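Structure record follows, encoded as structure tokens.
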2 protein chains.
Amino acid sequence: MSPSQPRDRGIPEATVARLPLYLRALHGMAERGIATVSSEDLAAAAGVNSAKLRKDLSHLGSYGTRGVGYDVEYLVYQISRELGLTQDWAVAIVGVGNLGRALANYGGFVSRGFRVAALVDADPEVVGDTIAGLNVEHIDELEAVIKRRGVSIVVLATPAAAAQEVCDRVVAVGVTSILNFAPVVLSVPDTVDVRKVDLSIELQILAFHEQRKAGGPLMAVDSQ
Amino acid sequence: MSPSQPRDRGIPEATVARLPLYLRALHGMAERGIATVSSEDLAAAAGVNSAKLRKDLSHLGSYGTRGVGYDVEYLVYQISRELGLTQDWAVAIVGVGNLGRALANYGGFVSRGFRVAALVDADPEVVGDTIAGLNVEHIDELEAVIKRRGVSIVVLATPAAAAQEVCDRVVAVGVTSILNFAPVVLSVPDTVDVRKVDLSIELQILAFHEQRKAGGPLMAVDSQ
DNA sequence: CCGACTTTGTGCATCGGTTCACAAAGGGCT
DNA sequence: AGCCCTTTGTGAACCGATGCACAAAGTCGG
Ligand SMILES: NC(=O)c1ccc[n+]([C@@H]2O[C@H](COP(=O)([O-])OP(=O)(O)OC[C@H]3O[C@@H](n4cnc5c(N)ncnc54)[C@H](O)[C@@H]3O)[C@@H](O)[C@H]2O)c1
Ligand SMILES: NC(=O)c1ccc[n+]([C@@H]2O[C@H](COP(=O)([O-])OP(=O)(O)OC[C@H]3O[C@@H](n4cnc5c(N)ncnc54)[C@H](O)[C@@H]3O)[C@@H](O)[C@H]2O)c1
């Protein structure tokens, strides 16, 4: 009934997926001392269309000024709050092999709101090592570590064969957000969010389009 | 005119993105000696709904048998062909740091149709090293290496600041498929496909839902 | 204080994708 | 051969997302 209902509490999934993109562009602008930005410019920086950007932002409220644009700092704050980045999140990486190590050493990981709070592996060779200043703990300690460190997001970087079992265990201790790098479809209760990153799938999609470009009737060999 | 037109040559993007998932499930089944599979079972293995799976497959042609299901081997072949995996693709990894190294050492990368054909970096410390059996070449050689090895897909794993420049150079020598790990929006001509993998965005999306679960009265649902 | 100009926020048409539900197709049993 | 059972392939309704186009809102110069 009240006509001014700033936060809808029903932000479309597609919008949520783009907010981090806007946030990144805004951080860049803030660093370069830009105080105010139009939807046109911000959209360009984020690689989207300006109508889409305005609609996305309208889901969080009316934070722009007509004729002027958006206040960069204020918008950074609003988006950060909406995404839950005003608190910090303890992340555990399970499986400290090639990939897990790269992730652990990655600085940008930690940058905004996220903190690698634990590394866990099953290999006795690896357990006890210090990587990126963190001690690698044994998989037997998985539940204890998660509870002790207040981990709420788990990154799975184990071999595919171990992923479901580890997943079941972390779900059992109450973790409801998982980022999965193993090439398997995880089975979880629907209270749990799983996002997957699958390199192989990305390459296959590229290959599909590449093949089509090469084979199609129109050879689009454009020089820019 | 001819009523049986098996391949539509206009496969929806959403379908393309799921074909690799089906392919993986099918490979698993083939290995376990399963000859035939119903849409119901294959859908379950791939984590999708069976109507969606059937519609997806119908875009490639009528490869099922009513009352029976799909022949596993045959479907593997058809999907592989559609995705362009019957040829092999030479991939170059540019930026051999934490992430680039992990990718280079990753076996599953090579497994189906893809071959890491070159590693390129700018750091004199790294150039000349042998990683995963490959010599790391200097960034000055980028264009020459791409041409010499017939690279058609480039994986960008440089720092964000270098990504656009490397991107411009590979596009200039004719590469039209790029997998980008750097957290920047690449600007490319629209003949070029860019797919991005962005860990930080994935975590932020998880954080958004995690926050909502904790704070809101209604438990949010997930999508894998 | 006003009027011209800029830019937001959104209603609406459209589009692509998902899901349901069922007729058509094929296999196998008797 | 004929019938029943299973499962595909798809028409059609539905749903969320996109993009256009513009009225509303606000700024700024005079
Ligand atoms: N490396 C890549 O570039 C890459 C790319 C895409 C996907 N992946 C996937 O990511 C995962 C990890 O890849 P990787 O290259 O780091 O593999 P890896 O073999 O180097 O590392 C796996 C690590 O997991 C540990 N592990 C095994 N079983 C475990 C368990 N039950 N609990 C905890 N830890 C366990 C191993 O000891 C090892 O340290 C794999 O599923 C792989 O398919 C990797
Ligand atoms: N490591 C991760 O887990 C991770 C996760 C997400 C995203 N990323 C992104 O992936 C990229 C690589 O990350 P990283 O951790 O491997 O960084 P890194 O610093 O370890 O490696 C970057 C490598 O690129 C090389 N390089 C720099 N400029 C170059 C140029 N102009 N041409 C060729 N090579 C060049 C450097 O010499 C270095 O070897 C970064 O953009 C990072 O933001 C990394």
Side-chain angles (χ1 to χ4, degrees), chain A residues 3-19 21-22 26 29 34-72 74-75 78-79 82 190 205 209, chain B residues 3-19 21-22 26 29 34-72 74-75 78-79 82 190 205 220-224:
Chain A
S4 59
Q5 203 175 7
R7 286 188 257 135
D8 201 340
R9 283 290 158 206
I11 297 181
E13 198 49 40
T15 295
V16 173
R18 281 187 297 264
L19 291 179
L21 225 51
Y22 305 151
L26 287 164
M29 289 169 174
I34 297 171
T36 263
V37 67
S38 70
S39 62
E40 202 66 52
D41 291 352
L42 180 52
V48 304
N49 148 325
S50 72
K52 196 188 292 189
L53 177 125
R54 286 198 300 276
K55 184 149 292 187
D56 283 343
L57 294 185
S58 78
H59 290 294
L60 345 175
S62 267
Y63 297 140
T65 306
R66 294 172 193 228
V68 176
Y70 301 88
D71 182 275
V72 173
Y74 186 56
L75 198 51
Q78 290 299 343
I79 295 178
E82 196 63 54
D190 61 9
I205 295 170
H209 292 296
Chain B
S4 58
Q5 203 175 6
R7 285 187 260 137
D8 200 341
R9 283 292 159 203
I11 298 181
E13 198 50 40
T15 295
V16 173
R18 283 185 296 264
L19 290 178
L21 225 53
Y22 305 152
L26 286 164
M29 288 169 173
I34 297 172
T36 263
V37 66
S38 70
S39 62
E40 202 66 52
D41 291 353
L42 180 53
V48 304
N49 146 326
S50 71
K52 195 187 292 190
L53 177 124
R54 286 198 300 279
K55 183 147 290 190
D56 282 343
L57 294 184
S58 77
H59 290 295
L60 346 173
S62 266
Y63 298 139
T65 305
R66 290 168 195 235
V68 176
Y70 301 88
D71 181 276
V72 173
Y74 186 57
L75 199 52
Q78 291 298 344
I79 295 178
E82 197 63 54
D190 60 9
I205 296 171
V221 201
D222 99 310
S223 68
Q224 171 160 200

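Here the structure is a predicted model, which is why all the values come from computation and not from measurement. In the text below, chain A, chain B and the rest are named by the order of the sequence lines, each starting its count at 1.
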Contact under 4.0 Å: [X] side-chain N or O vs [N] OP1/OP2:
X	N	result
A:Tyr70	D:dG26	no
B:Ser62	D:dG9	yes
B:Ser39	D:dT8	yes

B:Val37 vs A:Gly67, nearer the 5' end of DNA chain D by closest nucleotide: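 Nearest-nucleotide comparison on DNA chain D picks B:Val37.
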Which residue, A:Thr65 or A:Ala14, contacts DNA chain D at a nucleotide closer to its 5' end, judged by nearest heavy atom?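 Final value for this comparison: A:Ala14.
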Roughly how far, to the nearest 0.5 Å, is the [atom2] atom of [Y] from the [atom1] atom of [X]?
X	Y	atom1	atom2	answer
B:Arg18	B:Leu53	CZ	CG	9.0 Å
A:Leu42	A:Tyr22	CG	OH	7.5 Å
B:His59	B:Thr15	NE2	OG1	4.0 Å
B:Tyr74	B:Thr65	OH	OG1	9.5 Å
B:Arg54	B:Ser38	CZ	OG	9.0 Å

Whole-Å distance between [N] [atom2] and [X] [atom1]?
X	N	atom1	atom2	answer
A:Asp41	C:dT7	CG	P	8 Å
A:Leu75	C:dT7	CG	P	16 Å
B:Gln78	D:dT8	CD	C1'	16 Å
A:His59	C:dG11	NE2	P	11 Å
A:Leu60	C:dT10	CG	P	12 Å
A:Leu57	C:dG9	CG	P	8 Å

For B:Thr36 and B:Asp71, work out which heavy atoms get closest and say how close.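 So the two residues come closest at OG1-CA, 4.2 Å.
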So, does the side chain of B:Arg66 form a donor-acceptor pair with the base of D:dT8 at under 3.5 Å?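 By the distance-only test, yes, there is a pair.
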Is there a residue in residues 46-56 of chain A whose heavy atoms reach under 4.0 Å of DNA chain D, and which residues are they?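 Output list: A:Asn49, A:Ala51, A:Lys52, A:Arg54, A:Lys55.
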side-chain contact (heavy atoms from CB on, under 4.5 Å) between B:Ile34 and B:Asp41: does it pass, once the steps are laid out? CA-CA 11 Å; B:Ile34 297 172; B:Asp41 291 353; over 6 Å; no
Pick base, sugar-phosphate or nothing for B:Glu13, based on heavy-atom distances below 4.0 Å to the nucleic acid.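 Sugar-phosphate, no base atom in range.
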